[in-house]
There are 2 protein chains.
Amino acid sequence: MSPKTQQQFQELREQKKMQILNAALKVIANHGYNGATISMIAREAGISKGLLYSYYESKEQLLEALISFGMEKAAAFMEDPDAGKPHSKESFAAMLRKMIQMVMQESDFWRMYTTLLLQPNMSGKIQPQAQKFVEQYLGIYIAYFQKKGSRNPMAEAMLFGAVLDGLMFDLMVAPDQYPLEEVLEMIVEKFA
Amino acid sequence: MSPKTQQQFQELREQKKMQILNAALKVIANHGYNGATISMIAREAGISKGLLYSYYESKEQLLEALISFGMEKAAAFMEDPDAGKPHSKESFAAMLRKMIQMVMQESDFWRMYTTLLLQPNMSGKIQPQAQKFVEQYLGIYIAYFQKKGSRNPMAEAMLFGAVLDGLMFDLMVAPDQYPLEEVLEMIVEKFA
DNA sequence: TATCTTTGACTGAACGGTTGGTCAAAGATA
DNA sequence: TATCTTTGACCAACCGTTCAGTCAAAGATA
C-alpha cells in the first residue's frame with residue numbers, strides 16, 4: 001500500500017494543515033488578505049509555495065478555512081457552559097473577562113475578522129457566520145438586561161455590544177498601556 | 001504667453017485633484033489599500049491611469065494625501081466651537097450626535113482609517129495623526145467627566161471612547177436597521 | 001476674422017517586477 | 001520498490017509606473 005499507513009499520513013497532514021493555518025492567520029492579520037502573498041505565508045510556515053497548494057487549493061479557500069476555524073472556536077466558546085448566560089453581577093463580570101481574554105488570545109483572528117467586515121467586497125465571506133455569532137451573544141445579553149429590569153433591554157444590549165466592539169478595537173490597536181482593569185470596573189459599574 | 005492663465009490651470013488642477021481623491025477614497029475604503037488598483041481608481045475618477053500620475057506621484061503618496069485630507073477635516077470638526085467641550089447633559093447629547101453624523105457622513109474615510117490602524121505594516125502611516133486626534137477628544141471628555149464628579153474620569157472617558165469606537169464600527173458594518181436613536185438615548189442616560 | 005503658435009491636460013501601450021498557481025523531478029520512508 | 005511528500009523553477013496575468021505622442025483651448029498676429 002504505502003510506506004506509512006493511511007492513518008499516519010492523515011495525522012501528519014492534519015498537523016501540517018494547522019501549521020499552515022497559523023502562519024496564514026499571522027501574515028493575513030498583519031498585511032491584509034491582498035497584502036499577504038502565498039510566498040510570505042509559505043515562508044512563515046517553513047514550507048515551500050508548492051506544498052501549500054497540496055493542502056489548500058487556492059488562496060481564497062485558505063481564507064475560508066481560516067474563517068471557519070476561527071468562528072468555530074468562537075462558537076465553541078459561546079457554548080461553553082462555564083462562560084454562558086450571566087445571572088448575577090459576578091457572573092456578568094466573569095463572562096466579560098472571559099470574552100476579553102478570548103479576543104486577546106486570538107487577536108490575530110479578530111483583527112482579520114474586523115478588517116474583512118469593513119471591506120464590502122470581502123465581507124460576504126464572513127458576514128453570515130459573523131451575523132449568527134453576534135445574534136447569539138446579543139440574545140444572551142438581551143435576556144440579561146431584561147431580567148435586570150432594564151427600561152429598554154434591546155438598546156442596552158446593543159450598546160453593550162458596542163462597548164465590547166470598541167474595547168476590542170482599542171485593545172487591538174494599543175494592547176499595551178491600556179488601563180484595562182479600570183475600564184472593566186467601569187463597565188461592570190454601569191452595566192452589570 | 002500661455003493659452004490659459006496660470007490661475008485657470010491651477011483651479012482646474014485643484015478640482016481634478018479632488019475628483020481623484022474622492023474616487024481613491026471610495027475604492028480604497030471598499031477594497032483596502034492593496035486590493036485597490038490604480039486602474040480601478042482611475043476608472044472611478046473617469047480619467048486615464050497616466051493622468052493620475054500627473055496629480056499624485058505614487059499610490060503611496062495618494063494614500064498619504066487621502067489621510068491628510070480626512071484627518072484635517074476631522075481636526076476642523078474638533079476645533080469647531082459649535083461642537084466643542086460639552087458642559088451640560090444637553091450639550092453632551094448634541095456633541096455625541098454631531099460626532100456620529102461626522103462619522104456617517106465620512107464613513108468611507110473612517111472605514112479606511114480603521115482598516116489601516118488594524119494592520120501593523122500600514123498603521124505607521126496613520127498612527128501619529130490618529131493618536132493626536134484621539135488624545136484631543138479624550139482630553140475633552142476627561143474634563144467633562146471630571147466636572148461631573150466621576151469617581152474615575154480617565155477610565156470613564158476611555159470607556160466612552162470605546163463606546164464611540166464600537167458604535168462607529170457597528171454603524172459602518174450595518175448602517176441600515178441600526179436602532180441608533182434608542183442606543184443614543186441609552187448612552188446619554190449612562191454617561192451624560 | 002482667419003490662421004498660427006504655444007501650452008499643459010490627457011491617453012494608453014509598454015516595461016520591469018510580482019503575483020497566484022502548476023508541475024516534473026527529487027527525497028523520504030517502510 | 002512503491003507511494004506519498006516536498007521542492008523550486010516556471011508561467012500567464014496583473015501590478016504600479018513611465019513616456020512618446022495627441023488634443024482642445026486660448027493668446028498672438030495680420
Side-chain angles (χ1 to χ4, degrees), chain A residues 1-28 30-67 116 119 121-122 125, chain B residues 1-28 30-66 119 121-122 125:
Chain A
M1 271 286 198
S2 51
K4 281 181 183 160
T5 66
Q6 286 297 337
Q7 192 171 4
Q8 274 179 312
F9 273 126
Q10 200 83 29
E11 280 168 17
L12 255 156
R13 284 188 71 84
E14 213 57 47
Q15 207 175 328
K16 189 138 292 186
K17 230 173 164 173
M18 276 302 165
Q19 181 181 333
I20 295 171
L21 222 54
N22 284 327
L25 180 57
K26 185 172 172 185
V27 175
I28 292 181
N30 288 340
H31 297 262
Y33 177 71
N34 287 291
T37 70
I38 294 290
S39 297
M40 288 163 79
I41 295 170
R43 202 179 313 130
E44 177 71 32
I47 60 165
S48 70
K49 219 163 45 132
L51 188 56
L52 192 149
Y53 280 91
S54 97
Y55 288 90
Y56 296 96
E57 67 185 17
S58 68
K59 192 185 180 187
E60 192 172 347
Q61 208 233 37
L62 176 56
L63 176 66
E64 279 160 17
L66 224 44
I67 292 171
L116 288 177
Q119 290 177 8
N121 69 318
M122 283 283 155
K125 294 229 176 298
Chain B
M1 271 292 194
S2 55
K4 279 183 185 162
T5 66
Q6 286 297 335
Q7 195 171 3
Q8 275 178 312
F9 275 125
Q10 199 84 29
E11 281 168 15
L12 255 153
R13 282 187 71 84
E14 212 57 46
Q15 207 175 327
K16 188 134 293 188
K17 228 173 165 173
M18 276 300 165
Q19 181 182 331
I20 294 171
L21 220 55
N22 284 326
L25 180 57
K26 185 173 170 184
V27 174
I28 292 180
N30 287 340
H31 297 262
Y33 178 71
N34 287 293
T37 70
I38 294 291
S39 297
M40 290 165 78
I41 295 170
R43 202 178 314 132
E44 178 70 31
I47 60 167
S48 70
K49 260 196 313 179
L51 187 58
L52 192 149
Y53 279 90
S54 99
Y55 288 91
Y56 296 96
E57 67 184 17
S58 68
K59 191 185 180 186
E60 192 173 348
Q61 208 233 36
L62 176 56
L63 176 67
E64 279 160 17
L66 224 44
Q119 290 175 10
N121 69 318
M122 284 281 155
K125 296 230 174 297

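These numbers come from a predicted model, not from an experiment. Here is how names work: the chains are called A, B, and so on, in the same order as the sequence lines, proteins then strands, and each is numbered from 1.
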Separation of B:Ile47 atom CD1 from C:dG12 atom P, in whole Å?
12 Å

Closest non-hydrogen atoms of B:Ala36 and B:Val27, given as atom of the first, atom of the second and distance, are CB-CG1, 3.6 Å

Taking side-chain hydrogen bond (donor to acceptor under 3.5 Å, both in side chains) as the cut-off, I'd like each qualifying pair that reaches into residues 41-61 of chain A, sequence neighbours left out, listed once.
A:Lys26-A:Glu44, A:Glu60-A:Lys125

Tell me: CD1 of B:Ile20 to P of C:dT11, nearest whole Å?
10 Å

Could you tell me which non-hydrogen atom of B:Leu21 sits nearest to which non-hydrogen atom of B:Ala65, and how far apart they are?
CD1-CB, 4.1 Å

d(CD1, B:Ile41; C1', D:dT17) in whole Å
13 Å

Using a 3.5 Å limit on both pairing distances, list the dot-bracket string of DNA chain C from the 5' end; Watson-Crick and G-U wobble pairs count, crossing pairs take [ ], interstrand pairs take |.
||||||||||||||||||||||||||||||

Do B:Ile41 and B:Ile28 come within less than 4.5 Å of each other through their side chains, counting heavy atoms only?
yes

Rounded to the nearest 0.5 Å, how far apart are CD1 of B:Ile20 and CE of B:Met18?
11.0 Å

Using a 4.0 Å heavy-atom cut-off, write out nucleotides 17-23 of chain C from 5' to 3' as B (base contacted by protein), S (sugar-phosphate only) or - (no contact).
--SBBBB

Give one of base, sugar-phosphate or nothing for B:Tyr55, where a contact means two heavy atoms less than 4.0 Å apart.
sugar-phosphate

Can you measure B:Leu52 atom CG to D:dC15 atom C1' for me and round it to whole angstrom units?
14 Å

Could you tell me the separation between the CG atom of A:Asn30 and the CG atom of B:Asn121, rounded to the nearest 0.5 Å?
7.0 Å

Evaluate the side-chain proximity of B:Met122 to B:Asn34: yes if any heavy-atom separation is below 4.5 Å, no if none is.
yes

Give, for atom NZ of B:Lys16 and atom CG of B:Leu52, the distance between the pair rounded to the nearest 0.5 Å.
11.0 Å

